[in-house]
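So you know, we letter chains A, B, ... as the sequences are listed, proteins then strands, and number each from 1.
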Amino acid sequence: MKIEILINQTIKAALIELYNFNVEEGQIQIQNTRKDQPGDFTVVVFPFLKVSKKSPEETGEEIGQFIMQKIKVVQSFNVIKGFLNLEIGIDYWIENLMQACNNQNYGIEVSDDESKTVMIEYSSPNTNKPLHLGHIRNNLLGYSISEILKANGNKVIKTNIVNDRGIHICKSMYAWQKWGNGKTPENSGMKGDHLVGEFYVEFDKQCKVEIAELLEKGFTKEQAESNAPSIQAARELLLKWEANDPETVNLWKTMNTWVYKGFDLTYKKLGVDFDKIYYESETYLIGKEEVLRGVREKIFYQNEDNSVWADLTDEGLDRKILLRSDGTSVYITQDIGTAKMRYNDFQIDKMVYVVGNEQNYHFQILAVLLDKLGYAWGKDLYHFSYGMVELPSGKMKSREGTVVDADDLIEEMIQVARDMSAELGKLESLSKEEAEDTFRMIALGALKYFILKVDPRKNMMFNPEESIDFNGNTGPFIQYTYARIKSVLRKAKESNITIDYNVRLNSLSSKEKDLLKRITLFPVAIKEAGDNYSPAVIANYCYELVKEYNQFYHDFSILSESNEDQRNFRLVLSATVAQIVKKGMNMLGIEMPERM
RNA sequence: GCCCCGGUAGCUCAGUUGGAUAGAGCAACUGCCUUCUAAGCAGUAGGUCAUGGGUUCGAAUCCCGUCCGGGGUACCA
């Protein structure tokens with residue numbers, strides 16, 4: 001039984017026996033003792049003063065005595081200012097270490113027949129431009145939260161909705177027709193998504209010129225924007241596409257294929273993947289049907305101009321448009337269609353959408369709409385709403401060229417890793433391929449950790465000049481510590497030191513104990529990360545663990561320790577730290593190099 | 001206007017759901033490579049937790065007001 005639960009029950013018994021008081025569940029607070037105080041667990045006695053009618057010190061003393069008598073592993077206790085600190089014997093901590101090191105699934109809940117199935121949508125790119133830093137945050141969070149939910153015993157289906165149709169795609173298509181000169185990824189050597197993105201930018205430039213001309217002729221801003229020739233041409237393309245015009249559909253397919261190839265490369269570099277991909281072009285009509293069904297069933301209503309609306313004022317929300325007056329669908333329409341399709345395809349207990357916080361309102365409405373349409377699960381959808389990535393110059397805007405491109409960023413990071421490694425004189429013994437692979441792991445480790453260590457709900461700042469470090473609280477620091485442990489273990493093997501996982505020991509230094517305590521917190525961290533949808537919890541846990549290990553590492557010798565039991569214990573401890581750190585970092589999608 | 005989110009060291013971020021003297025990294029300064037990997041370790045300096053009130057044994061954390069920043073707000077996605 002977990003010691004905290006045992007202490008909890010014992011205190012409950014103590015309060016009944018000592019003060020004839022039956023506490024409610026959750027009234028007893030047991031926390032880890034502060035590092036600067038003696039003891040392992042701390043009980044806050046303030047809440048019991050009312051019933052004990054004694055001073056905090058006396059109350060703590062009485063409860064402490066009681067616990068000492070009932071629980072063997074509690075070795076001693078002390079009371080300081082109303083905090084009852086309990087010291088747990090060495091056996092308990094060693095026992096815990098052995099559970100951790102002998103169990104590959106330590107801290108992880110394995111899914112079974114009773115497990116819930118969670119579908120997670122993330123990434124959701126538009127096919128008119130390449131991925132940027134904002135998408136990176138999305139992808140990393142989506143992938144990581146999938147892994148964390150798996151570790152909490154859920155079955156997870158990772159999914160992606162590709163926004164592959166609409167006016168924005170037609171803009172790139174039109175620009176390519178007009179200025180493309182038959183340029184393809186093959187004949188230009190350009191990555192497909194970048195190529196298409198280039199034409200999107202081209203379109204925007206042209207459009208601005210046209211609008212400026214119209215403004216000069218005395219048009220209003222609105223008129224100019226809708227009458228610009230290239231805008232009209234793009235609209236025409238959209239109509240043709242919806243009418244299934246073969247030439248248009250063909251071009252659309254071709255250009256999308258280029259983009260998908262490009263995205264696949266970026267996804268692969270990022271190490272994210274999907275179990276099932278949906279395309280808006282295949283779901284938007286279903287959404288439209290659902291909306292029309294809603295009109296027939298009087299859930300929604302139609303205006304005189306034919307636009308369809310939902311009245312959500314009863315829910316404290318506004319009215320929301322679902323189909324435009326020309327009958328075309330809006331953004332939320334396809335989300336309804338996609339949701340329906342997903343629930344037909346899979347048995348889903350919970351749907352999670354990883355989408356930026358700018359769409360909080362959108363998902364609030366989507367939940368209500370799905371509910372109104374009769375889908376029981378609609379209300380329970382979870383919008384994993386993450387904050388935006390900000391630059392020193394402000395918000396990223398693709399049209400203003402202030403985006404940080406995903407592929408560029410990854411390449412730059414790898415180059416920095418290379419340079420730094422050369423400067424430090426590392427990895428010289430490795431083959432070129434092995435070294436390159438390590439640089440890649442380090443670069444991505446730095447990037448991923450940098451993004452995932454911050455609370456996903458908050459906006460975060462990214463300074464391209466100086467943001468991503470390789471020292472301090474970073475991915476590479478954790479990877480480095482891991483590599484060093486691996487090195488020690490290799491050397492132990494070379495010297496024919498076998499590790500005995502049955503640890504014998506009768507004393508612990510405070511640093512060793514800190515590590516042992518930290519190890520017992522791994523399962524707690526996983527659970528907290530799952531409950532709060534927060535990879536940051538895992539990231540910060542790994543950092544704390546590794547930081548403590550480093551202190552231990554520098555203070556004690558391992559291989560040259562003469563006492564065999566002591567040496568064996570330190571090896572087991574190191575191996576366990578490595579195992580846990582690797583597992584934790586893998587939940588963040590970060591690979592761990594054996595050498596660096 | 002209305003709704004949602006945020007404000008902690010010069011910078012980037014933690015803060016175990018209300019607990020003890022506020023925690024890291026970067027940047028600055030000081031030590032430590034003849035020692036299992038110095039992408040490291042030890043130390044110095046840096047704080048009115050935006051601000052005013054309230055709740056109680058106890059508040060960065062909960063409630064109300066104010067200021068500042070970000071996002072959303074009926075035919076963009």
Let me have a per-nucleotide readout for nucleotides 71-77 of chain B, 5' to 3', with B, S or -, counting only protein heavy atoms under 4.0 Å.
SS-BBSB
Please classify the nucleic acid contact of A:Met460 as base, sugar-phosphate, or nothing, using heavy-atom distances under 4.0 Å.
sugar-phosphate
Does the gap between the ring centers of A:Phe48 and A:Phe21 come in under 6.0 Å?
no
Charged N-O contact under 4.0 Å between A:Lys129 and A:Asp193:
no
Taken to the nearest whole Å, CE/A:Met461 to P/B:G10 is 16 Å
A:Lys372/A:Glu315 ion pair, N-O < 4.0 Å
yes
List the protein contact pattern of nucleotides 24-38 of chain B with one symbol per nucleotide (5' to 3'): B for base contact, S for sugar-phosphate-only contact, - for none; contact means a heavy-atom distance under 4.0 Å.
SSS---------BBS
When all nucleic acid strands are considered with a 4.0 Å heavy-atom cut-off, which category describes A:Leu322: base, sugar-phosphate, or nothing?
nothing
Does a distance-only test, which skips hydrogens and angles, find a donor-acceptor pair under 3.5 Å between the side chain of A:Asn85 and the base of B:A20?
yes
List for me each residue that meets salt bridge (Lys or Arg N to Asp or Glu O under 4.0 Å) alongside A:Lys35, sequence neighbours excluded, and say none if there are none.
A:Glu548
A:Phe48 CZ to B:G19 P, straight-line distance once rounded to whole Å:
15 Å
Assert: residue with more 5' nearest nucleotide on RNA chain B, out of A:Leu427 and A:Asn360, is A:Asn360
Rounded to whole Å, NZ of A:Lys511 lies from P of B:C41 at a distance of 11 Å
Along RNA chain B (nearest heavy atom to each residue), the more 5'-positioned of A:Gln37 and A:Asp455
A:Asp455
Does the protein touch nucleotides 55-61 of chain B at the base, only the backbone, or not at all? Give it as B, S and - per nucleotide, heavy atoms under 4.0 Å.
--B----
Mind listing the closest non-hydrogen atom pair of A:Lys453 and A:Ala536 along with its distance?
O-CB, 3.5 Å
Distance check, C1' atoms only: B:G72 and B:U12, in whole angstrom units.
27 Å
Strictly below 4.0 Å, N to O, side chains only: are A:Arg165 and A:Glu242 in salt-bridge contact?
yes
Got a minute to check which stems RNA chain B is part of, using Watson-Crick or G-U wobble pairs under 3.5 Å, three or more consecutive?
B:1-7 with B:67-73, B:10-13 with B:23-26, B:28-32 with B:40-44, B:50-54 with B:62-66
Presence of donor-acceptor pair under 3.5 Å, side chain of A:Asn532 and base of B:U17:
yes
Using the side-chain contact (heavy atoms from CB on, under 4.5 Å) definition, which of the options A:Leu545, A:Thr576, A:Ile590, A:Ile485 pairs with A:Val581?
A:Leu545
Residues that A:Pro535 engages under side chain to side chain contact (heavy atoms under 4.5 Å, CB included), provided they are two or more places apart
A:Leu141, A:Ser144, A:Ile145, A:Ile148, A:Leu452, A:Pro456, A:Leu588
Spacing between A:Lys35 atom NZ and B:A22 atom C1', to the nearest angstrom:
15 Å
For the pair A:Glu436 and A:Arg418, find out whether any cationic side-chain nitrogen is under 4.0 Å from an anionic carboxylate oxygen.
yes
A:Tyr449 OH - B:A39 C1' separation (whole Å):
14 Å
Are the side chains of A:Phe263 and A:Val162 in contact, using a 4.5 Å heavy-atom criterion?
no
Step by step, work out the side chain to side chain donor-acceptor pair (under 3.5 Å) result for A:Thr283 and A:Glu280.
CA-CA 5 Å; A:Thr283 64; A:Glu280 188 187 337; over 6 Å; no
Salt bridge check, A:Glu591 against A:Arg440: does any charged N sit closer than 4.0 Å to a carboxylate O?
yes
Between C1' of B:A39 and CE of A:Met592, the distance in whole Å
13 Å
Nearest-Å distance once atom P is located in both B:G18 and B:A59:
13 Å
For the pair A:Asp204 and A:Lys208, find out whether any cationic side-chain nitrogen is under 4.0 Å from an anionic carboxylate oxygen.
yes
Does the distance from a Lys or Arg side-chain N to an Asp or Glu carboxylate O, for A:Asp326 and A:Arg324, drop under 4.0 Å?
no
